[in-house]
Structure formats: C-alpha cells, structure tokens
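Just below is one structure, and these are the notes that go with it.
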Amino acid sequence: MKLNQLTLTEALEGLKVKKFSSVELTLACLDEIKRLNPKLNAFLTLNPDALKAAKAADLKIRSDGNAFKTQPLLGIPYALKDNFLTAGLKTTASSKVLDDYIPQYDATVYARLKTAGTVLLGKTNMDAWAHGSSTETSDYGTTRNPWNLNHTPGGSSGGSAAAVAADMCIFAIGSETAGSVRGPACWCGITGLKPTYGRVSRYGVIAMASSTDSPGPLTKTVADAARVYQVIAGPDPFDATTSGRPVNLNLGHLQGLSLKGRRLAVPKEYLVKEMDKATAKLIENALKKLEGLGAKIDQISLIDPHYSIGVYTLVQRSEVSSNLARYDGVRYGNDRSHFGHEAKNRVMLGSFALSAGYYDQYYNKAQKVRTLIIEEFKKTFRKYDLVIGPVTPGPALKVGASKDSPMFGEIVDMLMEPSSVAGLTGTSVPCGFVTGLPVGLQITGPQFAEGLVLAVSAAYQAATDWHLKKPVTDYA
Amino acid sequence: MLKLTPTIGMEVHVELATASKMFCGCPAEHFAVKPNTHTCPVCLGLPGALPVPNKKAVDWTMMIGLALGSTVNKTSKFDRKHYFYPDLPKGFQISQYDEPLCRGGQLALDSGKIINLTRVHLEEDTGKLIHQTVGGKRVSLVDFNRSGVPLVEIVTEPDIASGAEAKEFLKKLTAILRTLKVSDCDMEKGSMRLEANVSMGESLAYKVEVKNLNSFRFVEQAIDYELSRQEKLLKAGKTPRQETRGYDPKTRSTFVQRYKETAEDYRYFPEPDIPPMVFSDKDIAAIRAKLPRLPEAKAKDLVDRFNLPPKLASLLVAKASRLTYFKNSVKTAQTLKVSPEKLANLIINHKISLDKPAAEQLKTLTQKQTVDLGIIDQVIKDNPDVVAKIKAGKSSAVAFLVGQVMRLTRGQADAVAARKLLLKRLQV
C-alpha cells in the first residue's frame, strides 16, 4: 500500500509512531497528483510551499512529544477547494474573472487547518463560483470521475472529491450550498459531511448562496470526517452567522455506537420518480443493514423534494446575483465578459426574482415555503433521530449531461436541497455500486447533531466495506 | 384657484462617531487620513469577506431613535441595497429596508409645530471618489477609508412648510445628536449630509430632491428658491419635473442634476450574512436609561428656573459650552445685577468670551453702563441752545446730547443710560 492511499486516521498513526515522515507522505501525494492530474483535472493550482510545510511538520514531530495534542492534523497533506481564499496562493473559484487573483487573506477554515499542522497540497477544481453539480461549468475544464473517466465526479466540489477518491491527498475540503459536498462524495464513492449551517465559518469562502453555504470535509472514512470537522468547526468572530455554541464532538464516542432503538425515518417522497432502479435497490439494502444493526426504520411523508427545487433555485439565484455584483470590472482585473454562461444565467434569474413587483411572488414566497420545510423537519426530528435516504437519484452522469440542461444541478441535487435550505447536517456514505459507479446513502440529522450523524454513519461503515473500495487508476 | 401648499421632507445622514467601522474593526476616522489606510477585506468588499455588525452603532441608533421619540422595533434586520458605483465595492450597500431599527418619532419647533419622523435606520457609508489629473490624465481615484463607516439616516414626514422651518428642525436635531455624543455633525467633514424633498400643490404628482446641501443656511435658501420656482411653474399651469437638483450658493439657485423618471430598483433583500436582530423590553430600557438630558428638557428647565424666553433657552442649550458657561456664571451675574436673560443674550451674541471668567467681563460691561455724571453736566453746560429746545418740548433733540456724551467718552458709555441721565438732569 502506498502512503497516499492511507486514511487520515491511519496517516496520523504512522506519523505519530514515526513509521514515515510528513515529507514522505506529502511526496507520495504529489507523485500521485503528477501521475493522475492530467487525466482527472482535479487540481488547478499546486502549493509550491507544500514540502516546506511538511518539513516543518516533521521537525515539530521530532522535537515535540506532545505535538499532536496541540496540532491534531500535524503533517497531513490535503486539498482545498479553490473557493477558499489562501493568502499569496491563487484563488479563482474556477472562474476566469479571478484568473490571476492572489488573495490578501486566509479563509478561516484554511487558517484553522494551518494551525492544526496540515500541509496544503493545492487548490481543487470546481464548478465556476460553485454553480453546478458536475464541475462542467469550470472555466478550467471538467474534472473526471476516477471510477470512470467518461463520467463527471459531481460538483461543485468535484475536484476535491476526485482527489480523495483517487488518493491524490489524505483528505479534502469542499463547500456545500445544496449538495456540493454530499453529491460529489456520493458519485466518487467517498465520505462527505455537510455540517449544520453556521457551524463552520464561511469567512474567506467566495460566496455562492450565503444563507446555505456550508464548508465541509471530503474524506476516506467517517472517522476521518469527524477529525477534520473537529478542527474546522466552531464560532468565528469574523462570521456573524456562526453559532456560539461549543463543538462537543468526542472522537472516542464516535465508534461503536449501538443503533439499537435508534429511530430512523425514510421519506417516501425521496424515492422520486427519477430514481434509478438499481440505486433504489442499494438504498433498500442499506436500510436493511441498518435495521439489522438494531435501528427502527419507519417510512414517513415529507414535503415533496420537487418543491425544494423551486425554493432553493429562487433563494440561491437571488443571493448569487447579489454576491457576484462585486465583480463589476472595476477591480480584480477582468471585467464581466469573463463570466461564464451559467453565472450569467444565474445573475439574470436572481436579479429578476428580486426586482420590484416580483419580490413577493418569487423570493418572498420561496422563503415562506422554506420556513414550512424547516418546520416540518423540526416536527420530524421530535419523533425520529435521523432521516435517511438516497443522496442522488442515480450514480454519476456522463460528462456532457449538464449541457443544455439549465436546471441540471437542481435536479441532481434535489434530495439534498430540503436539508440544505433547512440548514441541517448530513453525510453521504458509500453504499454500493451501479455499473461500476459508486452510490451513496444520505444520513441527515437536526441542526448541530453532527455527533449523532457521524456516529450512525460510522456504525454503518463499520458494518460495510463499500468505503474501502478503490477505483483502478491505471488509465490508458 | 390653485391651492399651493409647500410640502417638504428632510433626509438627514449622520456618520456615527464610533471608534470602528460598521461591519469590521477598521478605524472609522477618515477625515484627513492617508487614502486607503483604514481598510480591510470587509470594507474593501473582497471575495469571501463577511460583515459583522458593530454593536455600539446599533445601540447608538436606538438611542437616537429614543431621543427623538421613535419606537424601537423589537425585531430589525439589515438588507442589501443594490446599485453599481465605483465607490461601492460590493455592488450593494448594507442598509435597512422594511424593518428599520426605529420607526416614527417627532421633533417640536419653537412655535409648537410638530415635525413627524418616518424612521431612523442604520447603514454603511460608501468610499469616496476623487477626480484628479495624474500624469496629465484625468482619472477617478477611490479612497475606501470611508467605506463601511456607520451612517444613520433620519427621515421626516413631509411636515415642513418652509426653508426656515427646515433650518430650525436641523438645528434642533443637531443639538440632540451632539447631546447624545454620537456624532460631531460636522458638515465640512461630511459627517452630516442633508437632502430636502420639495414639492408644492395639492396633487403632489412630483417630487424634487435637492442634494449636496452643506449648511443649514443653504438648506433654507435652496428650499425657498425651490418653492418659488415650483410655484411659478404651477401657476403657469405646468407640473415641475421629477428630478434631483443641486444648489449653487453663488447664484443662490438650484440646478438640475438628473431626471428621475421612474423609481430606481435597488432589488432589496434581507442581508443573509447578518442574522436578524431581536431586542427585549429590557434591552430597550437599558438603552433608554443611558439617554442624557436632552436639549428640549434642558431648555424647558432654563425657562422654568430663569424665566428665559424659549428661543433664547434653546439657543443656549444648542451648544454644550454655552450652557455650561451660563450655568457657571449666572450667580456671579446676579450679584453684578445682570439678569439671567441679559447674561444669555451676552453669551449668544458673543459679547463675552467663553474662555475667560465671567466676573471680570461682566464688570467691564456693567461699568460701561454707568456714565460719569461729570460728563453729563459738561454736555448740558456746553449746549445751552439744545437744552433750551428740549425744555421747550422738542425732546427728540436729546439725541444730539447723547451723541456728545458718546463722543466725549469715545463710545464707551451706554447710550441708553446716558439718555436716561440727561433727561433726569434736565428734569423733563
């Protein structure tokens, strides 16, 4: 086994007992990036200082016996989605508008990961401005799915998901507005955690839809996701929407949770008509597995997720039209003609929805339905611990599927939109394969229930081996 | 017959004197500061930057509202107001739309007339454009030091009927803001900016905005000019155009800046980066408890205690230094037989310096009022013809003798006292 194939938990153990160094680990990742990036196009920019950081980590490990107490991710090489600002290192959000933009400051998530001792390998490809679910709207080319190069990795955090799935890094950071972490995790066969809105700071993340943007980890296991989450979560004085409550996640309690008596709800509306039959079967198997572990599963009824498409689309397009207004051509070097087709579409629709005379009909109505969705989830979580179901209606679509489909992302992500507009937390964990492509199980909990969501996800992973499968990356 | 009613509303923008800006930790000071030195990702609107509201600015806005008799809304929020301008780095201004911090309120003029307020809300200031020639090229430069400085907007109902009323309203408003110590209200530094919405007539089918008024006097003049301009048009059967006008103090007239055919669409929506604000009765009571005594109460106190005319009392309280001086020296004045009203007048009319103790100054001033009887007798002796005329009943001739007294005293004598003494001496 090569070092870059290690999980975060394994890599930490190896570094702690000095089985290998951070430099060796980092070099293994950089080698794999060099080998695979021409095929996958997962990375946009490499960090020229990665080895320097790894060397510094090794020095720390050698000289300080307690180094991992204060720096829990010391020496771990990882990848960062290109919408997180990194001072001195180009950050484009995959848009030509920011083609040569060098940020002046660090995103809080990046700063926290740096403090925790990580080694940044580079910045990953994404849908431009995070607008999309396939990375096909990137101005720097599509990222390919490591399981099958003819398929997309999902998006918008497609570069991060592909990088983890192909072992080009130990873990990666993505951001989810509605499905951008869980979706690509599902299609790439890895673990994705979308934290509660306001749990992880958005400061320094190029905004997509401010009211749902949630940074989150993409990892090889649930335990890895928990480790990263613990470092990046928590109040941030620079983000007024972060919650002040402390992050109470006990990594020790995460493993071995008994599912006995846990009440899980499966909304029948989430088995949508667009659902692929083989995928539905895999979800059914996963539910049986959880039942076998002692969970009590009920089928329930929730607002049809198709309504969430409308709610999410209006809220997100409106916020997008506002958030992109700053790229007015006065600063950042490139004018508005550098915006891609998708961004222009979204700005126009959002501007229309916010226009005088239409505000009540569109934006305001969407917010009202959003409140209904929130209330319904609250009611559901009074009776059930978690809500489970499919992540997407089927496995990764072929490259080109989003072309001429202006609502592509919204439809692909429809099963994640209700929990996103409600600001909930959830995971995607691998639960099987359809024609050689991975499929994921969605596990959703109430706000701030990351501990329970992760524990149940870990229990499922302990009983299955889907997450251990690796794509064959000897591409011709 | 066309009935023309002047209908004027004011919009007053006041920069708060908080130490830091509205949504970031940068110093809010921007006057005579090297350009773009008080900036950060937030006030430059850089990608990924997020606004975190300044609690003091929120508290102070509520304080302004409470001082003006407004209702503090228990739930309030910020909204994004979109428009493109190079001094607005985010492409939107964070302002308040339908849930301002304070609603309603009023301010009474000396006549007893009430000017109602619509709202008091909080927003952020923009950067500043500087147009100049650099290397022979005309360029526009942007200074973002002012970007994000807390700005309070106070909007009145169209209750004002003249330039004079507008001026009085603004003076009283400024006195309140200064008493609250929330803004220096310095128009030269741009920390107070004024706009008047002027229209006339019954139907009010139009509204003219007059902008860039940088003194109360100009507000008065601009409004009066506008009213007469509009009156002329209306009397000629024309409707004045809906437009924004500027004011030129040199010609004392307003001029068109731009036409406003339709209302601009700012595409307001709730600022998603800032959670809505919720205040309890306790929160509001705590702010109310911090209110100092307001000019109106202080003026009333002066009227009650010293029997000052209301107008004089409000002039006195308009500046803290005047009021303090008055209070500190009113006793001294009374021992020198100078009435509180007289003292107030001396202060208002700059007859005595606020930098020097009152006793000395008042003594000089009162001495001036006692006229040397020797001089009176001298004048009577030197002007027998005039004296005869006065004694014959031509009392107006006494003015000549007063003039002589003034000449001999080189203007030091009090003319009124001299007149009295002359008449007394001549027993007329």
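Sequence lines set the chain letters: A, B, ... in the order given, protein chains first and strands last, and positions in each chain run from 1. Treat the numbers as computed from the prediction; the structure is a model and nothing was measured.
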Regarding A:T135 and A:N125, is there a side-chain donor-to-acceptor distance under 3.5 Å anywhere?
no
Which bit of A:Q104 comes within less than 4.5 Å of chain B, counting heavy atoms only: side chain, backbone, both or neither?
side chain
So which of B:T75, B:L101, B:N73 actually passes side chain to side chain contact (heavy atoms under 4.5 Å, CB included) with B:M277?
B:L101
Checking salt bridge (charged side-chain N to carboxylate O under 4.0 Å, His left out) for the pair A:D106/A:K114: CA distance, chi angles, key distance, verdict?
CA-CA 10 Å; A:D106 289 339; A:K114 229 196 284 188; 2.7 Å; yes
Sort B:P51 into side chain, backbone, both or neither according to what part of it lies under 4.5 angstrom from a heavy atom of chain A.
backbone
Just so I understand: if I count every heavy-atom pair under 4.5 Å between each of B:C24, B:P272, B:P47 and chain A, which residue has the most?
B:P47
Derivation of the side-chain hydrogen bond (donor to acceptor under 3.5 Å, both in side chains) call for B:H13 and B:E123:
CA-CA 10 Å; B:H13 282 94; B:E123 58 190 29; 3.2 Å; yes
Would A:Y203 and A:Y105 count as a ring-ring contact (aromatic ring centres under 6.0 Å, His included) if you check the C-alpha gap in whole Å, the side-chain angles of each, and the deciding distance to 0.1 Å?
CA-CA 10 Å; A:Y203 187 69; A:Y105 73 105; 5.2 Å; yes
Do you know which of A:S321, A:A93, A:S322, A:S210 has the most heavy-atom pairs with chain B at a distance under 4.5 angstrom?
A:S322
Portion of A:P237 that has a non-hydrogen atom of chain B nearer than 4.5 angstrom
backbone
For B:D265, is it the side chain, the backbone, both or neither that has a heavy atom under 4.5 Å from a heavy atom of chain A?
side chain
Do B:T126 and B:R146 pair up side chain to side chain, a donor and an acceptor below 3.5 Å, judged on atom types alone?
yes
Using heavy-atom distances under 4.5 Å, tell me whether A:Y358 contacts chain B through its side chain, its backbone, both, or neither.
neither
Is it the side chain or the backbone of A:N323 that comes within 4.5 Å of chain B heavy atoms, both, or neither?
both
Does any backbone or side-chain atom of A:L85 lie under 4.5 Å from a heavy atom of chain B? Answer side chain, backbone, both or neither.
side chain
Check the angle between the aromatic planes of A:F339 and A:Y327 and answer parallel, tilted or perpendicular using the 30° and 60° thresholds.
perpendicular
Ranking A:G204, A:P103, A:S211 by heavy-atom pairs under 4.5 Å to chain B gives rank one to A:G204
Which atoms of A:R331 approach chain B - backbone, side chain, both or neither, heavy atom under 4.5 Å
side chain
Please state whether the side chain, the backbone, both or neither of B:F269 comes within less than 4.5 Å of a heavy atom of chain A.
both
Quick one: are the ring centres of A:F84 and A:Y110 less than 6.0 Å apart?
no
With respect to chain A, which residue among B:G45, B:C40, B:G91 yields the maximal number of heavy-atom pairs within a distance under 4.5 Å?
B:G45
So A:Y362 and A:F352, would you call those rings parallel, tilted or perpendicular, with 30° and 60° as cut-offs?
tilted
Please classify the contact of B:F23 with chain A as side chain, backbone, both or neither, using a heavy-atom distance under 4.5 Å.
neither
Under 4.5 Å, counting heavy-atom pairs only, tell me which of B:P53, B:P86, B:P89 racks up the most with chain A.
B:P89
Chain B: which of A:S201, A:A356, A:A207 shares the most heavy-atom pairs with it under 4.5 Å?
A:A356
Can A:D82 and A:K90 be said to form a salt bridge (charged side-chain N to carboxylate O under 4.0 Å, His left out), step by step?
CA-CA 8 Å; A:D82 204 31; A:K90 192 165 88 166; over 6 Å; no
